[in-house]
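Okay, structure first, notes after.
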Amino acid sequence: MTDTRHPSYLELDRHRLGSACDAALAQHVEACERCRAHLARIGPVSEVPAWVGELGAQAVRPGPPRLRSVPVALFVGALAAAAALLVLRQPPQPASESAYDTSKGAPSVWVHVQHEGVRSPWDGAPLASGDQVRLEVAPEEFTHVTVFSIGARSTPPTLLFRGALRPHVRVALDKAWQLDAQVEPERLTVLFARVELSVAAAKLALRERDPSLVHAVELVLPKRAEP
Amino acid sequence: MQTAITLAYQKYFPLLVRKCARTLGDGHEAEDVAQETFMRFAESELLSSDARAVTAWLYRTSTRIAVDRLRARRRERRDADEHALARLFSNDAPEASAELRALLNRLLTSATRAELEAALLSRVDGLKQLEVAEVMRLNERSVRRLLVSFDRRLVRLYERSDA
């Protein structure tokens with residue numbers, strides 16, 4: 001249906017960047033006025049605007065996160081109980097839009113996704129079976145974190161991770177989870193506490209959610225329906 | 001790092017702006033979406049990735065942001081342009097046009113987000129189904145299904161405007 005005589009704009013863009021090693025494409029571009037016109041319209045950059053320089057400055061300065069999470073947050077949710085636990089060797093980079101806003105002083109959570117070997121901040125898109133998900137947290141004054149997978153109503157939450165944190169130190173959790181083939185969104189609750197909680201205490205805190213004791217961040221990760 | 005971002009800007013931003021302009025028309029909004037996409041790109045881990053991976057990411061992310069913008073905009077409905085409809089259904093090389101965009105705008109509220117993204121990539125950017133699948137990280141069958149579903153909506157729109 002979309003098989004055209006002209007290459008797609010994506011192909012042309014890749015040709016311009018030198019990443020499309022296709023002799024037929026090069027021949028076509030050589031002979032095609034329309035495709036040459038497209039490439040000609042993509043002129044060189046005459047001047048790099050100031051905001052690009054600011055991006056660079058932000059990248060080299062490990063300042064406070066630009067986006068932060070919301071108390072009992074928002075959307076993204078979690079990993080199936082059956083999800084395999086994995087360890088990612090490289091820490092994720094500072095988070096981007098995959099983070100959520102929060103009130104000042106509240107802990108933050110970011111989601112990083114590894115899809116087909118490429119890691120990137122989660123962009124909100126549905127995830128695929130086999131994708132690996134890793135969380136990065138900024139605990140503020142909290143010292144412990146517990147991550148639960150929240151299943152269906154009748155099933156108890158599953159403990160995925162429990163560990164100590166250094167207050168005010170942003171860190172990637174040293175475990176990642178691989179999404180299973182279930183279509184249902186993955187739901188996670190990240191529980192921050194000021195003391196070490198036993199599994200039972202953490203589950204109780206998960207249910208009670210006393211804000212004087214814990215801070216909960218809920219995540220919902222939509223999953224792509226596999227054909 | 002500053003150099004890497006500057007180099008990436010020089011390398012990718014011009015084509016990113018053109019890509020956004022095909023979807024949103026020339027103007028501030030296309031520039032704005034291109035800028036937002038690039039800022040996300042600068043924060044991602046793709047700066048040192050090869051151009052093939054980067055272009056796929058830029059196409060995917062900018063299309064997604066553009067759909068959000070288009071939906072937010074929700075321009076007032078206009079009568080269907082039969083010529084534009086015919087072009088959307090045709091196999092000819094799709095060149096972005098104001099009519100095509102206007103028609104897509106009419107489907108913003110009824111088509112799903114994925115259908116819109118697939119339609120924009122296929123009909124406006126001229127990507128083949130295999131390329132749409134690569135950019136959207138779907139398989140070809142799913143892309144085909146999205147486009148068929150989108151076409152059905154177009155048919156209904158066409159029938160309504162024809163009645």
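Side chains included, hydrogens not; waters and symmetry mates left out as well; all remaining heavy atoms used. Just so we're on the same page: letters track the sequence lines, and every chain starts at 1. Quick caveat, the model's predicted, so the values are computed rather than measured.
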One thing to verify: whether [Y] and [X] come together as a salt bridge, which I'm taking to mean a side-chain N less than 4.0 angstrom from a carboxylate O.
| X | Y | value |
| --- | --- | --- |
| B:D32 | B:R69 | yes |
| A:D174 | A:R134 | no |
| A:E11 | B:K128 | yes |
| B:R123 | B:D151 | yes |

Of the backbone (N, CA, C, O) and the side chain (C-beta and beyond), which part of [X] lies under 4.5 Å from a heavy atom of chain A, both, or neither?
| X | answer |
| --- | --- |
| B:Y59 | side chain |
| B:R113 | neither |
| B:E134 | side chain |
| B:R64 | side chain |
| B:V54 | neither |
| B:A114 | neither |
| B:L15 | both |

(message) Ring of A:W110, cation from A:R170 - is the NZ or CZ under 6.0 Å from the centre and inside 45° of the axis?
(response) yes

(request) Give a yes/no verdict on a cation-pi contact between B:R22 and A:Y9, requiring under 6.0 Å between NZ or CZ and the six-membered ring centre and an angle within 45° of the axis. (result) yes

(message) So that I know where these two stand, are B:Y12 and B:F38 an aromatic pair - ring centroids less than 6.0 Å apart?
(response) no

(request) Between chain A and each of B:L138, B:L46, B:L121, count heavy-atom pairs under 4.5 Å; write down the option with the most. (result) B:L138

(message) Please rank A:R41, A:E116, A:H38 by heavy-atom pairs under 4.5 Å with chain B and give me the top one.
(response) A:R41

